[in-house]
A.B. asks: 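Sharing a structure below in structure tokens format, with a few things to ask.
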Amino acid sequence: MGPGCYNGGFTHCFPFIGILAGSDAINAFVKAIPKVIMNGLNICGGLLPAVGMAMLLKLLWDKKIYAFFFLGFVMVAYLKLPLIALAVLGAIIAVMIAQRDYQLSQLTKKVNAAPAAAAPAGSAGNLDAEEEDFFDE
């Protein structure tokens, strides 16, 4: 009997007892909770979106994307842009960045392939030595 039994007991027994007792008994139980505790629970419920956002930011935060996060925040908070419109705008920006990165990678491949094809076979080592000398200075 490990911790799984306790977890299963709590997640299954309380709903079962609530259904067994009926809605009138549950309403009486909720009304019996003091107002101070209910106010505290309401405040905690209001903080849940902020906690969820903080957890997401902790997982996803990257110095490359912070500007997009704040841009989205400003658009929602101050421009009253709906979240669906913000999601579509974010998808458009993501596609544009992906296309730009693909074009840059293709351009880099072409630039790297062109000197190798134009240079004689033995000069690749000279190029590496020149780059090394340049960066050592």
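This chain uses plain numbering: 1 for the first residue, then up along the sequence.
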A.B. asks: Check whether M75 and I65 end up in the same hydrophobic cluster, where Ile, Leu, Val, Met, Phe, Trp and Tyr are linked by side-chain heavy atoms less than 4.5 Å apart.
C.D. replies: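 Looking at the clustering, I65 is in the same group as M75.
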
A.B. asks: Report whether L81 and V74 are members of the same hydrophobic cluster (ILVMFWY, side-chain heavy atoms less than 4.5 Å apart, transitive linking).
C.D. replies: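 Different clusters.
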
A.B. asks: How long is the span from the CG atom in L107 to the CG atom in N112, to the nearest 0.5 Å?
C.D. replies: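 The CG atom of N112 is 9.5 Å from CG of L107, to the nearest 0.5 Å.
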
A.B. asks: Under the ring-ring contact (aromatic ring centres under 6.0 Å, His included) definition, can you give me all pairs with a residue in residues 13-57, not counting sequence neighbours?
C.D. replies: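 Checked against ring-ring contact (aromatic ring centres under 6.0 Å, His included) - neighbours excluded - the pairs reaching residues 13-57 are F10-F14.
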
A.B. asks: Assigning hydrophobic clusters by single linkage (Ile, Leu, Val, Met, Phe, Trp, Tyr; side-chain heavy-atom cutoff under 4.5 Å), is F73 placed with F68?
C.D. replies: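 Different hydrophobic clusters.
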
A.B. asks: In this structure, are over 12 heavy atoms from other groups packed under 6.0 Å from I84 atom CD1?
C.D. replies: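 Incorrect, the count does not exceed 12.
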
A.B. asks: To the nearest 0.5 angstrom, please state how far the CG atom of L86 sits from the CG atom of L71.
C.D. replies: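 If we round to the nearest 0.5 Å, L86:CG and L71:CG are 8.0 Å apart.
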
A.B. asks: Rounded to the nearest 0.5 Å, what separation is found between the CD1 atom of I26 and the CD1 atom of I17?
C.D. replies: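 Reported value, rounded in 0.5 Å steps: 9.0 Å.
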
A.B. asks: Just how far is it from atom CG of L56 to atom NZ of K58, taken to the nearest 0.5 Å?
C.D. replies: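 So the CG of L56 and the NZ of K58 are separated by 12.5 Å.
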
A.B. asks: Drop me the distance from L104's CG to I97's CD1, to the nearest 0.5 angstrom.
C.D. replies: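 That separation rounds to 11.5 Å.
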
A.B. asks: Would you indicate whether F69, at its atom CZ, is surrounded by more than 12 heavy atoms from other residues, nucleotides or ligands within a distance under 6.0 Å?
C.D. replies: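 Count over threshold, so yes.
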
A.B. asks: In residues 35-48, what donor-acceptor pairs under 3.5 Å come from side-chain atoms, sequence neighbours left out?
C.D. replies:
from: N39; atom 1: ND2; to: K35; atom 2: O; distance (Å): 3.4
from: N42; atom 1: ND2; to: M38; atom 2: O; distance (Å): 3.4

A.B. asks: When you group the ILVMFWY residues by side-chain heavy-atom contacts below 4.5 Å and let the links chain together, are L57 and F70 in the same group?
C.D. replies: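 Yes; L57 is reachable from F70 via cluster members.
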
A.B. asks: To the closest 0.5 Å, what do you measure between NZ (K31) and CG (N27)?
C.D. replies: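 Interatomic distance, K31 NZ to N27 CG, rounded to 0.5 Å: 6.0 Å.
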
A.B. asks: Is there a path from Y66 to M53 through hydrophobic residues (I, L, V, M, F, W, Y) whose side chains come within less than 4.5 Å of each other?
C.D. replies: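 Yes; M53 is reachable from Y66 via cluster members.
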
